[in-house]
Each structure stands twice: as C-alpha cells, then as structure tokens.
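Just so you know, ligand 1 is whichever comes first in the structure, and atom 1 is the first atom listed for that ligand.
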Amino acid sequence: MKLRYTFSVIGLLLMSQNTFADEGKQLFDSYCAACHGLTGGMDMDKRVAPPVAAIRVHYIGPHAEKDDFIAAVADWVAAPDATKTLMRGAINRFKLMPPLPFPREEVEKIAAYIYAGDLEKPEGFDEHVQERHGKGGMQGNMQGN
Ligand code: HEC
C-alpha cells in the first residue's frame, strides 16, 4: 500500500517535471527560437543570433548551479548589458540583443529548459565546439553536464 503510494507520488513528480520542461521548450519556441533556433544552422552569416546550445555552453561554466543559471539568463533577457556579456564575440558579430519584456516566471521556465540541456543543435555544432574549445573542455558541458 505504502509502496504503491510512494510510486504514484514519484510518478506525479516526474510528470510535473516533464510538463515544466515542455512548457519551457514551448515558450522558447515562441519567444526565442526566431533568433536562437536552428534557422541558418552553423553559418553565422545566415544567422541573426547564436544558437541556444552555444548560449548554454557559455553560461553553464560560470553558472553551474541551476538557480544561478536561471537568474543570469532571466536578468539578461530583461536587460541585456554589454558589460555583463559572456558572449562578447556574439555582440561584435550580431549587435546587442534587444531587451524582451516577457513575464519573469516564463523566462525562468525557458532558462530551466536551456539549463536541462536537451536542446536542438544545428548540424555541425558539436564539431564546432570541439574545434574551438578543445576536447574535454567545454565539450564535457554539452552532454547535459
Ligand atoms: C530579436 C532576436 C532575439 C531574440 C528574440 C532573442 N535573442 Fe537572445 N540574443 C540575440 C542576439 C543577437 C544575441 C547575441 C548578442 C548578445 O549577446 O547580446 C543574443 C544573446 C543571448 C544570450 C547571451 C547573452 C550574452 O551576451 O552573454 C542569452 C542568454 C540570450 N540571448 C537569451 C535569450 C532568450 C532566453 C530569449 C527568449 C526569451 C532570447 N534570447 C531571444 C537576439 C535575440
């Protein structure tokens, strides 16, 4: 009896976590994917912003803690600030991201989705990271930590 109860609680928790992640992905698709999605692939001349997987690579190092990561991304989206960038090269190439006045709790769900790391990557992304940042270095971060 008790065991069965425990299992159903675990089941519910897993389900709610899934919904949470799906919601983050859906919000990402509506709010961010136009710029940070797959369009343009790894050809930076055809892109308007870096792919989201690249954002994760740059943010997960200095913000390894989930809450910290979420706060950093949410702060950025509300008020991009070139003095706080972790992607200087991206600003040079694409110009500073415009501030997006979305509700903070929604952006936090997006950030949790990015943190979890199950992201669509443009073809050739992993090779690019390996080439630029070396094996074992940032590459380790790409396998969901
Ligand atoms: C209109 C296009 C556009 C949209 C929409 C957009 N971004 Fe960006 N974003 C950019 C550009 C361009 C950059 C690269 C330049 C920069 O870092 O400011 C960027 C960079 C970033 C960075 C790295 C910032 C840094 O320099 O350290 C984060 C984090 C980020 N975006 C998150 C998001 C999230 C989350 C969303 C959706 C809520 C989003 N962006 C929507 C254009 C966009």
Side-chain angles (χ1 to χ4, degrees), residues 6-145:
T6 311
F7 275 128
S8 53
V9 169
I10 292 173
L12 277 176
L13 280 173
L14 288 177
M15 257 165 53
S16 59
Q17 266 195 345
N18 267 341
T19 322
F20 192 73
D22 286 347
E23 214 185 326
K25 180 178 173 18
Q26 276 164 22
L27 289 164
F28 174 84
D29 286 345
S30 347
Y31 294 168
C32 321
C35 297
H36 293 296
L38 294 179
T39 308
M42 287 305 289
D43 183 346
M44 296 303 143
D45 292 336
K46 294 196 181 137
R47 298 197 58 96
V48 294
V52 62
I55 294 176
R56 187 176 188 279
V57 167
H58 289 268
Y59 272 67
I60 198 83
H63 302 293
E65 276 291 310
K66 185 175 179 184
D67 288 349
D68 185 33
F69 183 99
I70 290 174
V73 171
D75 287 350
W76 176 270
V77 171
D81 176 347
T83 66
K84 295 190 188 143
T85 182
L86 295 177
M87 302 185 74
R88 170 72 50 202
I91 296 184
N92 291 342
R93 176 179 283 274
F94 300 112
K95 305 259 181 337
L96 187 64
M97 176 172 142
L100 301 172
F102 300 128
R104 176 128 185 147
E105 70 270 18
E106 293 193 350
V107 177
E108 286 176 349
K109 284 178 190 166
I110 295 172
Y113 157 70
I114 299 174
Y115 181 85
D118 185 13
L119 305 169
E120 289 173 325
K121 297 178 229 167
E123 184 142 354
F125 179 80
D126 288 335
E127 292 75 2
H128 164 88
V129 170
Q130 206 155 325
E131 242 168 64
R132 287 281 288 268
H133 307 288
K135 236 187 177 167
M138 286 186 135
Q139 177 67 9
N141 290 329
M142 291 315 298
Q143 267 109 39
N145 261 313

Residues at least two apart in sequence or cross-chain that pass side-chain contact (heavy atoms from CB on, under 4.5 Å) with R132, listed by chain then number, are H128

Near F94 (heavy-atom distance under 4.0 Å), the atoms of ligand 1 are 12 (C)

A90 heavy atoms within 4.0 Å reach ligand 1 at atoms 14 (C), 15 (C)

Atoms of ligand 1 under 4.0 Å from any heavy atom of Y59, numbered from 1 in the order shown, are 23 (C), 24 (C), 25 (C), 27 (O), 29 (C)

If we number the atoms of ligand 1 from 1 as shown, the ones under 4.0 Å from a heavy atom of K95 are 12 (C), 15 (C)

protein heavy-atom neighbour closest to atom 12 (C) of ligand 1 works out as V48 O, 3.4 Å

When distances are taken from atom 17 (O) of ligand 1, the protein heavy atom at minimum range is I91 CG1, 3.5 Å

Next on the checklist: Looking at ligand 1, would H58 count as a contact under a 4.0 Å heavy-atom criterion?
Outcome noted: no

Listing protein N, O or S under 2.8 Å around atom 8 (Fe) of ligand 1 gives H36 NE2, M97 SD

Using non-hydrogen atoms of the residue, decide whether F28 is closer than 4.0 angstrom to ligand 1.
no

Q26 backbone acceptor or donor facing S30 side chain under 3.5 Å: yes

With sequence neighbours left out, the residues meeting side-chain contact (heavy atoms from CB on, under 4.5 Å) with N92 are R88

Under a 3.5 Å distance rule, please check whether R47 uses its side chain to pair with a backbone N or O of M42 as donor and acceptor. no

In ligand 1, the atoms that come under 4.0 Å of a heavy atom of T85 are 25 (C), 26 (O), 27 (O)

Are the side chains of D118 and Y113 in contact, using a 4.5 Å heavy-atom criterion? no

Counting from 1 in the order shown, the ligand 1 atoms closer than 4.0 Å to a non-hydrogen atom of L96 are 18 (O)

Measure up the F69 and Y115 rings against each other and bin them: parallel (under 30°), tilted (30 to 60°), perpendicular (over 60°). perpendicular

Applying side-chain hydrogen bond (donor to acceptor under 3.5 Å, both in side chains) to D67 and not counting sequence neighbours gives none

